[in-house]
Structure formats: C-alpha cells, structure tokens
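Letters A, B, ... are given to chains in the order of the sequence lines, protein chains preceding strands, and every chain is numbered from 1. Model, not experiment: these values are computed from the prediction.
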Number of protein chains: 2
Amino acid sequence: MTTLCATGKHDHHDVYAAQCPCREVLDLLANKWAALAIGALEDGPLRFGELQRRLQGISPKVLTATLRRLEENGFLHREIYPAVPLHVEYSLTELGVSVSVPLSGLRTWVELNLDKLTA
Amino acid sequence: MTTLCATGKHDHHDVYAAQCPCREVLDLLANKWAALAIGALEDGPLRFGELQRRLQGISPKVLTATLRRLEENGFLHREIYPAVPLHVEYSLTELGVSVSVPLSGLRTWVELNLDKLTA
DNA sequence: CCGCATCCGAAACGATACTG
DNA sequence: CAGTATCGTTTCGGATGCGG
C-alpha cells in the first residue's frame, strides 16, 4: 500500500495516513459547524446574520472562524457589497457544492435515525 | 416550521435547532477520529491495537474516548475475550453499519478531490 | 498486550461588549 | 450590518505511568 502522500507525489491519497494533507481537509469538513454552514448555503447565498440565525447557538466569533477556514480552502466565496449598511454574502463555490452532497447525507442520516439511538 | 424537538414529541428532527438531540449526535459523528474509526471497522472487527495502527497518529487516550462514546451511542460493540493475553474486539453494530455509508462518502470525497484544493 | 488514570499545555468554545 | 477584542471556561490532545 502506498499511503505516503505527504509530498504530493502520489495521486492516490489516504485519509488514514497521518502525514497526508487529506487529514487537514477531513478535519475541516468533519466538523459540526462546517457541515451545518455548507448545508445552509445549499439553497443559495446568505449573509452573515442570516447564517448566524440558521446555525442556532453559534457565536459570531466561531461563525467567523468557520467561514474563514472554509473560504481559505476554496469551499465558499465571500462577496462584499460596499453599501450602507454593509452587505456581505457567502455562497458555495463549485467545490462547496460538490462536498455538500456527502455532508447532506450525513445530516439527513442523523435526522432520520435519531429515534433509533438509545442514549 | 416545527423545529422544536427537544422534548422528543416531534418525529421530525432538525440538526439546525440548537436544542435538538440531533446536535449531539452530529457532533459525535462529524469528527475526524469517529469518521476514521467507523470506516476502519467496515471490513470487520478489529482490536484496540489494530485500530490504533490504522488511525495513524491517534493516542491511546483519544482512541479510548472515541470508542467509548461511539459504544455508548450504540454505533459499535465491544467484545471482551478474557484470555491471556487479554483480547478485546470492536465491531460495528447495525446502526454503525448504517452510518458508515454517509461517512464513507465523506472520506472518499476528500481522497478524490484533494487535488482540487488550493491550500 | 489492553486500556485506564493523571497531569498538563494548547486549542476551541461561548458570552459579551465594542468598532468600522 | 458585519465582524473584532477580550475574557473565562471547556475540551482536546500528547506524554507518561500503572493495573488487569
């Protein structure tokens, strides 16, 4: 098994390899707030405040950090409209739309199977 | 929209509701180590040490905590064989097999799309 | 060989108040 | 409106040592 993909020389990546960049990406996406944020943007662009209302319980600080990391990794786009009052819109990139599929699968699994859990 | 499912009176759950038990479950599953552990058990039961070798970089403490939470929530089963030396096997429950599907989707997405990431 | 206990530092989280 | 700054709390994670 060629699981060494740290140098980027292999085109076969492995999330189980500690040095693989996959890990960072998995860590970014396999995260409560990231999964919810991407899902919230599936139906179209949203503003900061709208996102905060949908992701009930998130603080502005954590929401900012979540959105920044997703933007830095190319999953969403941040568009600023310099009007008064200020207007900022977040939307999924092509990559974000792509990853929203498996994330949506996880979210819906939870909603559909919650009743089967004992705890 | 009836998003109040804290009392368990509704059969329609919503991961976006802060008070919904969904949140805890999503938090448990949308997690790097949980996703990797469940994936590692897809092909059959594994012992603690085998899991630790596959989930490269995980410490025994964190692995123990991960496995325990997954067990408490009914995603995997812990079988103890009181032999010498001690033998403990972890395996997916029916629920674990069920959730391994969307989790597998996320893992493979990362491996297949890593090359498209800028950072 | 399995896995729990403890300690400790680092990071994440959450609430609140405040600025461009 | 869209964040940032600050602070206190909580959790995460690695290292180590012990017990079954």
Side-chain angles (χ1 to χ4, degrees), chain A residues 15-20 23-37 40-41 44-73 76-91 119, chain B residues 15-20 22-37 40-41 44-73 76-91:
Chain A
V15 287
Y16 286 92
Q19 340 82 296
C20 185
R23 270 293 177 78
E24 303 173 30
V25 179
L26 183 64
D27 210 11
L28 169 65
L29 296 173
N31 162 298
K32 181 180 53 177
W33 295 128
L36 291 173
L41 293 172
L46 289 178
R47 302 173 61 174
F48 187 90
E50 294 172 323
L51 276 168
Q52 192 176 5
R53 274 186 294 278
R54 281 188 163 73
L55 276 58
Q56 296 181 21
I58 196 171
S59 69
K61 172 187 166 183
V62 175
L63 180 56
T64 299
T66 301
L67 295 173
R68 285 262 193 282
R69 279 189 304 162
L70 288 175
E71 185 196 2
E72 285 170 358
N73 286 265
L76 53 82
H77 175 67
R78 183 170 177 262
E79 185 74 37
I80 309 176
Y81 299 92
V84 177
L86 190 57
H87 192 98
V88 179
E89 267 190 5
Y90 294 89
S91 57
Chain B
V15 288
Y16 287 92
Q19 340 83 298
C20 185
C22 290
R23 270 295 176 79
E24 305 174 29
V25 179
L26 183 63
D27 210 11
L28 169 65
L29 296 173
N31 160 301
K32 181 179 53 176
W33 296 127
L36 291 174
L41 293 171
L46 289 178
R47 302 174 61 176
F48 187 89
E50 295 172 323
L51 276 167
Q52 191 176 7
R53 275 187 292 279
R54 293 191 192 212
L55 277 58
Q56 295 180 23
I58 196 172
S59 71
K61 172 189 168 182
V62 174
L63 180 56
T64 299
T66 301
L67 295 173
R68 193 195 290 287
R69 280 189 303 162
L70 289 174
E71 184 196 3
E72 285 171 356
N73 287 265
L76 52 83
H77 176 66
R78 182 170 178 263
E79 184 75 36
I80 308 176
Y81 299 93
V84 178
L86 191 57
H87 192 96
V88 180
E89 268 192 2
Y90 294 90
S91 57

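Note on A/Tyr90: only backbone sugar-phosphate atoms sit closer than 4.0 angstrom, heavy atoms only; bases stay farther off.
Every residue two or more places apart in sequence or in another chain that forms a side-chain hydrogen bond (donor to acceptor under 3.5 Å, both in side chains) with B/Tyr90 is listed here: B/Arg78. For B/Ala30, the side chain to side chain contact (heavy atoms under 4.5 Å, CB included) criterion is met by A/Leu106, B/Leu26, not counting sequence neighbours. A search for ring-ring contact (aromatic ring centres under 6.0 Å, His included) contacts involving B/His87 returns B/Tyr81, not counting sequence neighbours. Shown here are the side chain to side chain contact (heavy atoms under 4.5 Å, CB included) partners of A/Ala65, two or more places apart in sequence or in another chain: there are none. Scanning for side chain to side chain contact (heavy atoms under 4.5 Å, CB included) contacts around A/Asn31 gives A/Trp33, A/Ala34, A/Arg69, with sequence neighbours left out.
Distance CG (A/Leu46) to P (D/dC1): 14 Å, rounded to an integer number of Å. Following rounding to the nearest Å, A/Leu63 (CG) and D/dC1 (P) show an atom-to-atom distance of 14 Å. One atom, CD of A/Glu89, and another, P of D/dA2, lie 9 Å apart when rounded to the nearest Å. Rounded to whole Å, atom C1' of D/dG3 lies 11 Å from atom CG of A/Leu67. Atom CD of A/Glu50 is separated from atom P of D/dA2 by 8 Å (rounded to the nearest Å).
Nearest heavy-atom pair across B/Ser59 and B/Gln52 is C-NE2, 4.2 Å. Taking all atoms of both residues into account, the shortest heavy-atom contact from A/Ala17 to B/Gln56 is CA-OE1, 3.6 Å. Here the shortest heavy-atom pairing between A/Phe48 and A/Leu67 reads CD1-CD1, 4.0 Å.
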### Task
Would you sketch DNA chain D in dot-bracket for me? Only Watson-Crick or G-U wobble pairs with both distances under 3.5 Å count, crossing pairs as [ ], other-strand pairs as |, the rest as dots.
||||||||||||||||||.|
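Side-chain contact between B/Leu36 and A/Arg23: present, with at least one pair of heavy atoms (C-beta onward) separated by less than 4.5 Å. Inter-residue side-chain proximity for B/Val25 and B/Val15 is flagged as unmet; no heavy-atom pair is nearer than 4.5 Å. The shortest distance between side-chain heavy atoms of A/Leu51 and A/Leu41 falls below 4.5 Å.
Taking the 5' to 3' direction, DNA chain C first and last meets chain A under 4.0 angstrom from a heavy atom at C/dC13 to C/dA15.
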### Nucleotide-resolved protein contact map, nucleotides 7-20 of chain D, B/S/- at heavy-atom distance under 4.0 Å
B-----BBB-----
